[in-house]
Structures are given as C-alpha cells and as structure tokens.
Undergrad: 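Let me give you the structure first, and then I'll get to my questions.
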Amino acid sequence: MDLDAITKHSALHAKPSGLVLQYGTAGFRTKAEHLDHVMFRMGLLAVLRSKQTKSTIGVMVTASHNPEEDNGVKLVDPLGEMLAPSWEEHATCLANAEEQDVQRVLLDISEKAAVDLRQDAFVVIGRDTRPSSEKLSQSVIDGITVSGGQFHDYGLLTTPQLHYMVYCRNTQGQYGQATTEGYYQKLSKAFVELTKQAFCSGDECLSLKVDCANGIGALKLKEMKNYFSEGLSIQLFNVGTTGKLNHLCGADFVKSHQKPPQGIEMKPNERCCSFDGDADRIVYYYSDADGHFHLIDGDKIATLIGSFLKELLLEIGESLNIGVVQTAYANGSSTRYLEEVMKVPVYCTKTGVKHLHHKAQEFDIGIYFEANGHGTVLFSKTAEMKIKRLSEELEDKKRKAAKMLENIIDLFNQAAGDAISDMLVIEAILALKRLTVQQWDVLYTDLPNRQLKVKVADRQVISTTDAERKAVTPPGLQEAIDNLVKKYKLSRAFVRPSGTEDIVRVYAEADSQESADSLAHEVSVAVFQLAGGVGESPQPGF
Ligand SMILES: CC(=O)N[C@H]1[C@@H](OP(=O)(O)O)O[C@H](CO)[C@@H](O)[C@@H]1O
Ligand SMILES: [Mg+2]
C-alpha cells in the first residue's frame, strides 16, 4: 500500500471538520453532501477487509428508505452478510479520523486485524438511483484504486442484488452466477418451477400491483418481468419518472403511516405491495369493499411463509427445526399466533437485520422478518442437502413437497432480505395454497399500534436491554413507561435510539387505536422530559 498516495488522495476527499458519524444499524447514513470522505475511506477499508478475508467484499451506496437528499454506505462481508461488528468499529474510527491521522488509523486497523498487506484485494460496488449516488460511488472507487485494490462496478443494483453478487463470487458460482442475468435466471426458474403445479389451466395468472418507491426496484423489476411473464403479471407504479424517491410512497411510508402510497390505483380487494428505496423491504396491502385499508406487514409475511414451510416438512415427514426471529417491533398478535397456533419457537433480537440474520443461522430453517418487511429465510447446509436427497428418493406427494422445498430454497435470497425474491415467494405460496390476500390477512388480527419519533439533544443518553424492550438510562424513564403502560389494556411500549436517524423511536400497542395513539403520545412526552427533548414538546394527534 502506497501510504503517501493515499494521503494525497484523501486530501481530495477531505472530511468536513467536526463531523462525527457512526457505522449504524445499516452503515453510515446522513445528508449526501457530508459523505464524500466516508465513501473514499470505505473504499480503503473494503480493500483491507478483502485482504484480510482473502475474499471479495461488497460496497453498497444507498440510504434505503431515507429521503432522496440523504445517502449512505455499507460494506458486505464474504458470504453476502453484513460487516462483522469488530470491523464496524474500524469503519467508525476511519470515517472520523482527522486528515493527518488517516495513515495511522489504516496501519492500526491492519495491525489489530492482522491484515496481510501483500494480499490481493477485490471489491464489488453497487448503488441506488439517488442523484448523489454515482459521484459517491466514484469516491469509493478512488479509495479502492489508490490502495491497490481491484474492483468491479455493477452500477445500479438493488441492495440485495449486491449481497447476492458477493455471495456468488465467494462460492465460485455455486450459489449462482454473479451477474444480474444470473440473478434473474436463478429466481425466475425457481418461481416458474414452483408455480407450475398451481395453475391447472394455462390461462390462469397471478396479478399484482407494485409501488417501487420511485427507486431502483422499478428498474430491476422492469428488466426481470420478462423472465416470469407467464406466471405473474405485475403492474409497476412510482417508477421514478416523475416522483421523488420514497416521497409519500414506498414500504417505509406505507408501514409507518398505515395508509396506501400516492401514485397507485387501488381497486377494492386488489393485491398490492410496496418496495423501499433500495428494494430490500416489502409490505403488502389492499383496500376492502368499504374502502378500509389493510396492511400486511413483515410479521404476516413471516407467518405465511412459516406455515407453508411447516406444512411441506410435515408432508415429507422430516423434523428439521424451524425458528422465527423477530424484533421488539413485531406485533404482539403475530408472536402469539406463531407460538400458540403454529407452535413455532419465536426469538426476539435487537433491531437491524444483522442481528436477526445471525440468530436465524442457528436453525435448520431460520425465518426472520422485521415488522417493516425486511427479511428472508435461511436454510442450513444440512437442511439443504437433506431436502435435495429427499427430492430424489421420495415418491409421489412426498417427492412433490421435497421438490417444492428445493425450489423455495433457490427462490429465497439467502444473503439478505430481498423485496423481489420475497415477492415471488409470497406470490407462489398464495397461488399454491389458493389463498386470497383477504384470507391471508385474517390469519390473525394485528393489535393497534403506533410508532412516533422524538427529537432529543443526544439520543445516546437512552440505553436499553432485553432486546431493546427495556430502557436502562436515563434514570426514571423505564419506570415512567411501566406506569403509563399499566393504564391501558393489552398494552406494551418501548423506546430506543434510532440507528439510522437522529431521533428516538417510540413504539406502543394496545387494545384500540385510540389507546395505542394515546400511550405512544404519553411515552413520547416522558422521553422528551427525561431524555433531553429539543424543540417543541410532542403534541397529541397524528
Ligand atoms: C423501527 C424500524 O423499522 N427500524 C428500521 C431502521 O432502523 P432504526 O435503527 O430504527 O433507525 O432502519 C433499519 C435499516 O433499514 C432497519 O433494519 C430497522 O428495522
Ligand atoms: Mg432498505
């Protein structure tokens, strides 16, 4: 590594003085104009990580569901996973180093992580459709080249596609071909195989409306549509030609406002879904004959998938262990349904897919979804091999079930939650089980809930425990929440500092929407008072 060259180039990507950023829930995220130095330095870091793991590392430039003016960056580890926690710390150190300290921090990381600097390095890059993304990804490339790494720039990709590319490259193509073509082919083939049995006559076809959040999902789905056109007809909305990214549309908007996105024509009982800005989240919804909006979130997606997989396992007579992983944001009704009706063990982790993904790896079949629609299913190598063997050995109905499982394994993106892949899985299950969106929705009834944001001077004054369900600091906050919760029926509430925005999140659920709203408001006021609220105190009403 030519440290002098790095220093010279680093000065061209100077850090704004006083700016401190953290590698948060999903990498660095802030206003795009503050990120040039972070991008350059993440290029440098990706090279070190690649040398250390002797593998291809991914860098994704995106701020997912954040407003269009924001941007962000995250590194993808060799098996398509999120960056290891110890390297998140290195990333934070490097991003915040003053100009004159960049060399020293790089050498420090290399020493601490035992990086052999003579190793080759290879990095792949992807970016979303934000106006700032192209220039920022050039800064990543600058960091890679000046530190002697090689790279392949995929250009526009969904986040899960980049995870897939990294996984493919590090398994010598065993997981699939590391091209968008390879991705489309793998998923479409599995989808077509899986749904073949669902359509008796040739003229049946699924139809679905997709809100693409004015983001990358629109471009990629448009390309992919032709691969499965016979089984599924999709109509795309919010494709980015006129609207702004994530503005009044997309999965995050629909989930948090619990209402339909703008820019989509919804007829009664029509099945619709929304992606987020980088297409790693999906939520479904419909409007009933009376015009009531029904949201089908990540919890209901996990339930649908879980019950389908359980049925198939029962059919083939194999006892592979299934676990469902959720976060504190999972609706209480979903947890109860999974545990009590479906009899599946449920685990709760901290927010952020890296935590859920990690936990899901402990099972033969680990299903994980955040309530906001980010998730996937992981199959252990043993489970995968067993299913493959059974699909050759078993006969008739059992063989059919094993074949279905085999295709489902291929249809899931096991590197990361993926809106396109999840959409195809859901569509296939609905077709195979002949379920309408309404029948899916009534599996259980969500407890009314409300999420709010509170602005405080320093959100880190709030620390939590018990998978973020209890506040440890500031003193008195948890006690205040406990007392408020007692006032309502079937109620629950918790608060935590966001890892992607400079706010504290408040979540409440209760037996009625009025109670959930009122509890969320009261907890917000407690946060404002006890955790250093800034600006105007939270007002009731939404
Ligand atoms: C309540 C909520 O939806 N939180 C989201 C959000 O994290 P926060 O740390 O809550 O800002 O963004 C994360 C990254 O996309 C996602 O994993 C997570 O679920
Ligand atoms: Mg996202």
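Start at 1 and go down the list; that is how both ligands and their atoms are numbered.
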Undergrad: Which residue, Q513, R492, Q258, E509, forms the side-chain hydrogen bond (donor to acceptor under 3.5 Å, both in side chains) with N449?
TA: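 Of Q513, R492, Q258, E509, side-chain hydrogen bond (donor to acceptor under 3.5 Å, both in side chains) with N449 is met by Q258 alone.
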
Undergrad: Taking the six-membered ring of Y444 as reference, does the cationic atom of K300 (NZ for Lys, CZ for Arg) lie under 6.0 Å from its centre and within 45° of its axis?
TA: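 Verdict for Y444: a cation-pi partner in K300.
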
Undergrad: Taking the six-membered ring for Trp, are F379 and F363 closer than 6.0 Å centroid to centroid?
TA: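 Centroid separation for F379 and F363: 6.0 Å or greater.
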
Undergrad: With I125, which of L162, I57, I144, L157 fulfils side-chain contact (heavy atoms from CB on, under 4.5 Å)?
TA: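 Going through L162, I57, I144, L157 one by one, the side-chain contact (heavy atoms from CB on, under 4.5 Å) with I125 is satisfied by I144 alone.
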
Undergrad: To check your reading of the model: name the closest protein heavy atom to atom 14 (C) of ligand 1, its residue, and the distance in Å.
TA: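 Result for atom 14 (C) of ligand 1: A26 CB, 3.9 Å.
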
Undergrad: What part of K255 sits under 4.0 Å from ligand 1 if we count only heavy atoms: the side chain, the backbone, both or neither?
TA: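 Neither part.
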
Undergrad: Atom 13 (C) of ligand 1: which protein heavy atom is closest, and how many Å away?
TA: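 Minimum-distance protein heavy atom for atom 13 (C) of ligand 1 reads T25 CG2, 3.9 Å.
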
Undergrad: Is the closest side-chain heavy-atom distance between D299 and E370 below 4.5 Å?
TA: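 No. Closest side-chain heavy atoms not under 4.5 Å.
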
Undergrad: Considering heavy atoms of the protein only, find what lies nearest to atom 2 (C) of ligand 1 and give residue, atom and distance to 0.1 Å.
TA: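 So the nearest neighbour among protein heavy atoms is N372 ND2, 3.8 Å.
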
Undergrad: Among D441, L295, L208, which residue satisfies the side-chain contact (heavy atoms from CB on, under 4.5 Å) criterion with Y284?
TA: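 Result: among D441, L295, L208, L208 is the only option passing the side-chain contact (heavy atoms from CB on, under 4.5 Å) with Y284.
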
Undergrad: Would one find an N or O of Y329, backbone or side chain, under 3.5 Å from an N or O of ligand 1?
TA: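 Between Y329 and ligand 1 (N or O atoms, distance only) the closest approach is not under 3.5 Å.
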
Undergrad: So between E370, H374, R281, whose heavy atom ends up nearest atom 15 (O) of ligand 1?
TA: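 Comparing heavy atoms across E370, H374, R281, the nearest one to atom 15 (O) of ligand 1 lies in R281.
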
Undergrad: Purely on distance, is any nitrogen or oxygen of S498 under 3.5 Å from one on ligand 1?
TA: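 Indeed, backbone or side chain, S498 has an N or O that close.
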
Undergrad: In degrees, rounded to 10 degrees, what angle do D280 atom OD1 and D278 atom OD1 make at the Mg ion (ligand 2)?
TA: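 Taking the Mg ion (ligand 2) as the apex, I get 90° for this pair.
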
Undergrad: Kindly confirm whether the Mg ion (ligand 2) is within less than 2.8 Å of some N/O/S atom in T159?
TA: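 Here the distance criterion (N, O or S atom, under 2.8 Å) is not met by T159, so no.
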
Undergrad: May I ask you to identify, for T351, whether its side chain, its backbone, both or neither come under 4.0 Å of ligand 1 on a heavy-atom basis?
TA: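 Answer for T351: side chain.
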
Undergrad: Is Y507 touching ligand 1 with its side chain, its backbone, both, or neither, if touching means heavy atoms under 4.0 Å apart?
TA: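 None of Y507 does.
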
Undergrad: Below the 3.5 angstrom mark, is there an N/O of R496, backbone or side chain, next to an N/O of ligand 1?
TA: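 Checking ligand 1 against R496, an N or O pair does fall under 3.5 Å apart.
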
Undergrad: So does D276 have any N/O/S atom less than 2.8 Å away from the Mg ion (ligand 2)?
TA: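 For D276, the answer is yes, given that an N, O or S atom comes within less than 2.8 Å of the Mg ion (ligand 2).
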
Undergrad: Show the atoms of ligand 1 that are less than 4.0 angstrom away from any heavy atom in G352.
TA: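 Those atoms are 17 (O).
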
Undergrad: More than 12 heavy atoms of other residues, nucleotides or ligands under 6.0 Å from CD of Q361: yes or no?
TA: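 Yes, enclosed.
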
Undergrad: Donor-acceptor pair, distance only, cut-off 3.5 Å: does the side chain of S421 make one with the backbone of N413?
TA: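 Side chain of S421 to backbone of N413: a pair is present.
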
Undergrad: A cation-pi test, strictly: NZ or CZ of K186 under 6.0 Å from the centre of the six-membered ring of Y175 and no more than 45 degrees from its axis. Yes or no?
TA: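 Cation-pi check for K186 and Y175: passes.
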
